[in-house]
Amino acid sequence: MTHAAPRFSRRAWLRRLAALTGLAPSVSRAALREGRLLEVKFTDVAEAAGLGHARNYSGDPRRKRYLLEEMGCGVAFFDYDNDGWLDLFLVNGTRFDWPQGEKHPTSYLFHNNRDGTFTDVTVRAGLTRTGWGQGCCVGDYDNDGFDDLFVSYWGPNALYHNNGDGTFTEVAAKAGVAGDGRWGAGCCFLDYDRDGWLDLFVATYVVFDPAKAPEPGEVAYCRYNRIPVACGPQGYGGGTNVLYRNRGDGTFEDVSERAGITNPRGVAEPVFVRQNWRPVGSYGMGAVAADFDNDGWPDIYVACDTAPSLLYRNNRDGTFSEIGVQAGCAFDENGTALGGMGASVADYDGDGWFDIVRTNFSDQLTTLYRNNGDGTFHDASLQAGLIHTKYLGFGACFFDFDNDGWKDIILANGHVYPEIEGRNLYVTYRQQKLLYRNLGNGRFEDVSARSGPGITTPHVSRGCAVGDFDNDGDVDVVVNNLDGPPSLLRNDGGNRNRWILIKLVGTKSNRSAIGARVKLTAGGRTQMDEVMSGSSYYSQNDLRLHFGLGEAARVERIEILWPSGLRETFSGLETNQLLVIEEGKGIVRTEKFPPR
């Protein structure tokens with residue numbers, strides 16, 4: 001079933017155009033219908049915002065010897081100090097050959113100054129660990145009212161407890177989530193057993209030991225267009241994913257085995273073969289938890305590299321069943337396991353069921369899995385118009401950049417082989433981002449070329465997250481770029497339509513309200529979203545839910561289904577404002593931000 005975009009009279013369209021763009025009212029109906037008059041531009045304001053010194057390190061930028069050096073890091077939008085403004089966390093890596101005596105790089109935490117700029121508070125906050133950081137996710141695991149931060153590593157993971165005073169304490173070992181040295185990848189907090197305490201899922205990539213890894217070009221799959229390059233995941237033993245259950249006392253228990261998360265199981269040692277390679281284990285990368293079958297319990301999707309992607313269905317008894325193949329979201333439409341990197345979840349077609357977009361390697365389509373309305377999926381990539389194959393995608397986010405009420409897609413791209421730079425191949429190392437506008441009929445339009453230099457300027461991009469960092473009513477983007485400073489893409493013009501922002505606070509449910517589902521009706525259309533931890537590529541989006549409302553003057557109805565099972569409804573609400581809704585207490589605060 002497809003859904004047509006809202007219809008407006010020709011006069012209404014022309015009035016809107018004249019007011020918003022200053023264009024003469026002689027614009028043709030065909031031009032409007034074909035979407036040629038996009039009003040939104042994205043501007044990279046990272047330098048002006050004070051982020052320019054936050055350089056990412058991931059091995060030698062000119063030559064990558066090992067797989068680990070290619071993967072890059074995630075990024076998070078989250079309000080760590082509860083002041084109502086999104087702060088920024090950038091995961092960082094390092095180098096194997098770091099110069100002796102020089103200070104090793106750390107990740108970065110930036111405090112939002114509420115004026116479009118940020119202050120580096122990394123040292124003050126105590127986030128000074130160094131090493132091969134990978135992904136990050138956010139959630140208030142101890143329900144103290146302050147969101148905590150988990151960071152996956154190649155090596156022991158980090159869990160930063162938010163002390164509520166602007167500082168963090170690293171407690172991973174004490175809490176039981178440091179892991180056993182696996183290559184931690186994507187992660188997400190979720191309350192899988194709905195006991196009111198956030199649990200933690202960590203995807204694991206491959207079993208990697210640089211002392212045993214082959215050199216570039218040493219075996220056949222370590223070449224790209226005949227160029228010796230760092231070896232990909234082929235030949236490495238796959239990782240085994242991990243689920244930690246929150247005991248409610250600040251510690252976690254590894255329940256992976258009895259919960260069914262170890263299926264498929266990885267191998268303990270890397271196995272290098274020259275022929276007939278096939279994956280062993282899951283090769284997990286991006287991870288996201290959401291209720292895909294509408295039964296009220298969170299499931300988990302994992303994008304996997306060169307192996308079938310995974311869908312862990314929640315059995316509602318403390319266990320999961322891995323059903324990716326049966327559910328139709330493990331392969332592409334040809335039955336091929338692609339190089340899955342990141343994943344994002346949204347109801348892009350407005351049918352009340354969550355869909356999945358997944359980024360893949362170059363020469364492969366970005367995969368769009370449309371939910372069939374029963375928790376199974378089909379590959380709708382070509383029908384939707386996601387036709388590009390020369391880009392290597394990492395970050396992926398559904399978001400409504402023009403506030404028209406339909407979820408659009410941004411993809412953060414960049415190749416993994418710096419050796420191809422300047423070789424005049426059909427693919428490049430640095431790549432632009434892709435922005436797809438949802439046409440409201442099941443199809444997307446590539447509007448990248450006219451969406452500003454923030455989209456078209458090439459980088460080697462990895463983690464990507466979305467959120468309204470300047471509180472002006474439209475959604476912005478942050479991207480962690482490999483071997484360089486980040487990009488902070490300010491949305492200029494996306495708030496010309498109406499919008500509403502909803503922050504949920506759990507009481508009986510987990511405090512971060514992760515897993516809470518919101519259905520919103522405005523202008524005769526119903527949208528759905530869910531508070532999610534993790535997703536994209538190794539990254540964390542704003543936990544506040546943003547809904548674009550088009551020209552709707554009021555929100556007719558908001559329905560919230562909390563993880564505890566409580567259902568609450570609200571009606572007749574104004575647009576262009578933030579609502580803070582506390583479970584069982586209703587709307588406890590509203591705020592209208594001044595125009596910027």
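There is a side-chain donor-acceptor pair under 3.5 Å between H388 and D446. Of the N and O atoms on the side chains of S509 and E583, at least one donor lies less than 3.5 Å from an acceptor on the other residue. Side-chain contact of S487 with D44: a donor-acceptor pair under 3.5 Å is present, judged by distance alone.
Listed here is the closest heavy atom pair of C464 and V75: N-CG1, 3.9 Å.
Aromatic rings of F201 and F189 (six-membered ring for Trp) have centroids beyond the 6.0 Å cut-off, not under it. Ring-centre distance between F394 and H415: not below the 6.0 Å cut-off. Aromatic pair Y348/F444: centroids less than 6.0 angstrom apart.
Every side chain to side chain donor-acceptor pair (under 3.5 Å) that E530 has, sequence neighbours left out, goes to R517.
Of the candidates K407, R544, K519, D529 forms a salt bridge (charged side-chain N to carboxylate O under 4.0 Å, His left out) with just one, namely K407.
Proximity of Y192 to L243: side-chain heavy atoms (C-beta onward) are separated by under 4.5 Å at one or more points. I560 has its side chain within reach of V518: a pair of non-hydrogen atoms, C-beta onward, lies under 4.5 Å apart.
Between R450 and E39 there is no salt bridge, since no side-chain N of the basic residue sits under 4.0 Å from a carboxylate O of the acidic one.
Both cation-pi conditions hold for R525 and W406: the charged atom is under 6.0 angstrom from the six-membered ring centre and inside a 45 degree cone around its axis.
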